[in-house]
Amino acid sequence: MKPLPRTARAYIVCAALGAGACALPAFLPPSPTPWATAGLLAALYALCELPARCRLLGRSAGGPVRVGTGTFYPVLLAAALLLSPAAAALTALPGGLLARVDEPPARWRRTWRAAATALAVWAAAHTAAALGAPAAALPHALLPALGAALVFCIVLTALDGGIRATADGLPPRAAWRGLLGRALAPHLVHGLAGLMMAVLWRSPHGPAAALLVLLPMYLSCWVFAQYHHERAAHQATIRALVQAVDLKDSYTRGHSERVGHASVLIARELGMDGDRLDTVRFAGILHDVGKLGVPTRVLRKDGPLTPEERRIIELHPEYGHEMVRGIGFLGEARAAVLHHHERIDGTGYPYGLRGEEIPECARVVAVADAFDAMTSTRSYSRARPVAAALAELERCAGSHFDPRMVAALARALDRWGWRPAVTADEAGTQVPAPRARGALAPRTRESA
């Protein structure tokens with residue numbers, strides 16, 4: 001178990017002290033804390049977190065996904081609209097301390113979760129009060145509710161970025177990158193649900209009516225957990241196949257992941273997103289899975305391949321397609337596994353497709369595959385610098401490779417750079433001088 005760094009522990013202690021300071025005024029006179037409301041909301045939030053602690057219910061709701069995490073924030077946002085900031089901060093503490101933790105150190109993680117949510121709710125309650133809650137009624141309460149949800153989201157993601165930087169050692173830019181964008185829409189929905197709870201809570205029907213808001217939220221939690229459980233199963237399938245290839249061909253260990261990464265870089269430049277990006281990534285990662293059907297002696301041969309050995313290794317796209325054809329979630333990725341060695345001029349294999357006949361996903365993977373083959377050192381091929389590899393791809397664009405894909409990779413590398421993980425056989429080697437520009441595009445076991 002990796003110990004929690006001192007900086008992370010200090011960060012959590014500071015957050016916990018800050019949360020305590022925020023909640024303390026609720027206990028001090030002459031604070032008019034409505035303890036019945038605060039206690040009921042705190043108990044409700046804690047109760048909502050309990051199913052995630054139950055292994056049986058956790059499995060039924062989707063396996064390792066933590067049921068309840070983030071799903072019951074409407075309870076906290078309702079507290080921000082109904083209570084003073086100090087009392088609202090109190091409602092987050094029991095649920096945070098009861099939250100399910102799958103990785104050690106559990107006490108530190110629970111303390112962090114309780115402190116972060118308490119600070120976020122405190123800030124949200126201040127925002128709601130400044131914008132007119134709790135006196136506001138619909139539709140005037142809409143602005144305080146959305147403002148509270150926005151501040152809740154900003155504070156929580158800011159704190160989460162800090163813990164990622166201190167606990168995982170990430171640079172600040174990487175620690176906060178993407179957190180706010182991913183969390184904003186769900187938190188605004190939580191804000192509207194919290195407003196519904198607060199309005200019903202104040203209605204003549206009282207808290208019992210407000211509880212009805214949680215039913216659709218819990219159902220959405222269950223659906224979300226099922227979705228993530230399915231994605232986890234997909235990832236496990238992909239991981240098992242890639243590990244099998246890496247074990248068989250140790251010279252190319254890490255190649256599949258790098259091709260997947262390069263394929264995603266190209267796809268993003270082409271405007272792909274969402275499920276299409278996942279498909280391209282799967283295609284890049286699995287493009288060489290058919291090498292499981294190629295004799296190990298051929299894959300690990302140090303010298304040049306004989307014509308017979310080359311014919312054997314050129315069967316790997318068809319082997320791979322047979323292996324993955326029954327995996328429904330791969331979609332277009334299956335065609336990329338079969339056709340990633342086709343060439344634009346029709347001289348590729350296995351079917352000699354040309355131009356637009358080659359599936360787009362396969363054209364993406366072909367460029368990513370060749371790029372990583374040229375920039376990685378293997379027993380039978382020394383690495384080229386990135387610039388030399390790009391120059392070779394550009395030279396072969398229009399004959400071997402789709403020029404759009406080559407141009408997209410060049411733009412992506414210019415924007416993001418290329419920092420592949422060093423594989424075992426690359427460690428300790430030096431990057432050689434670039435080969436002559438006129439050299440043929442690599443015909444190694446990666447791009448053969």
Side-chain angles (χ1 to χ4, degrees), residues 1-28 31 33 38 41-42 45-46 49 52-53 66 68-70 72-73 75-77 79-80 83-130 147-184 186-187 190-191 194:
M1 181 184 71
K2 182 180 177 181
L4 196 65
R6 289 183 179 179
T7 52
R9 284 182 283 174
Y11 186 80
I12 293 172
V13 168
C14 289
L17 291 174
C22 291
L24 182 61
F27 297 96
L28 301 177
S31 174
T33 301
L41 286 169
Y45 182 60
E49 290 288 354
R53 299 289 302 274
R66 288 177 290 178
T69 300
F72 301 105
Y73 284 163
V75 178
L76 300 181
L77 290 167
L83 301 169
S84 67
L90 276 176
T91 62
L93 297 178
L97 294 173
L98 287 172
R100 177 174 173 175
V101 174
D102 294 320
E103 299 177 10
R107 283 182 294 181
W108 284 103
R109 290 178 180 272
R110 289 196 181 101
T111 301
W112 164 249
R113 178 167 167 78
T117 50
L119 289 169
V121 175
W122 179 83
H126 270 291
T127 303
L150 178 61
V151 170
F152 182 89
C153 178
I154 291 173
V155 172
L156 203 57
T157 53
L159 291 170
D160 282 347
I163 198 64
R164 292 179 69 195
T166 55
D168 299 333
L170 296 175
R173 185 175 179 181
W176 276 280
R177 181 185 298 143
L179 288 180
L180 184 61
R182 290 194 297 269
L184 187 57
H187 282 85
H190 291 159

Interatomic spacing from CG in Leu4 to CG in Asp168 - rounded to 0.5 Å: 9.5 Å
Using every non-hydrogen atom in the two residues, find where Ala128 and Ala148 come nearest and quote the distance to one decimal. CB-CB, 4.1 Å
Spacing of NE2 belonging to His187 relative to CZ belonging to Arg182, to within rounding of 0.5 Å: 12.0 Å
Could you pull out every donor-acceptor pair under 3.5 Å between side chains of residues 149-166 and any protein atom, sequence neighbours left out?
residue : atom : partner : partner atom : Å
Thr157  : OG1  : Cys153  : O            : 2.8
Thr157  : OG1  : Ile154  : O            : 3.1
Arg164  : NH1  : Ala175  : O            : 2.9
Thr166  : OG1  : Gly162  : O            : 3.0
Thr166  : OG1  : Ile163  : O            : 3.3

Just so I know, are the side chains of Thr117 and Tyr73 near enough to count as touching, which here means a heavy-atom distance under 4.5 Å? yes
Leu90 versus Thr33: any side-chain heavy-atom pair under 4.5 Å? no
Would you name the heavy atoms of Ala15 and Trp112 that are closest together and state the gap between them? CB-CZ3, 3.7 Å
Shortest non-hydrogen pair, Ala92 vs Val121, comes out as CB-CG2, 4.4 Å
Identify the two heavy atoms, one from Tyr45 and one from Thr91, that lie closest to each other, and give their separation to 0.1 Å. CD2-O, 3.9 Å
To check you understand the geometry: which heavy-atom pair defines the closest contact between Ala88 and Ala79, and what is its length? CB-O, 3.8 Å
How about CZ on Arg107, more than 12 heavy atoms from neighbouring residues, nucleotides or ligands closer than 6.0 Å, or not? no
State, to 0.1 Å, how close Thr111 and Ala16 come at their nearest heavy-atom pair, and which atoms those are. CG2-CB, 4.1 Å
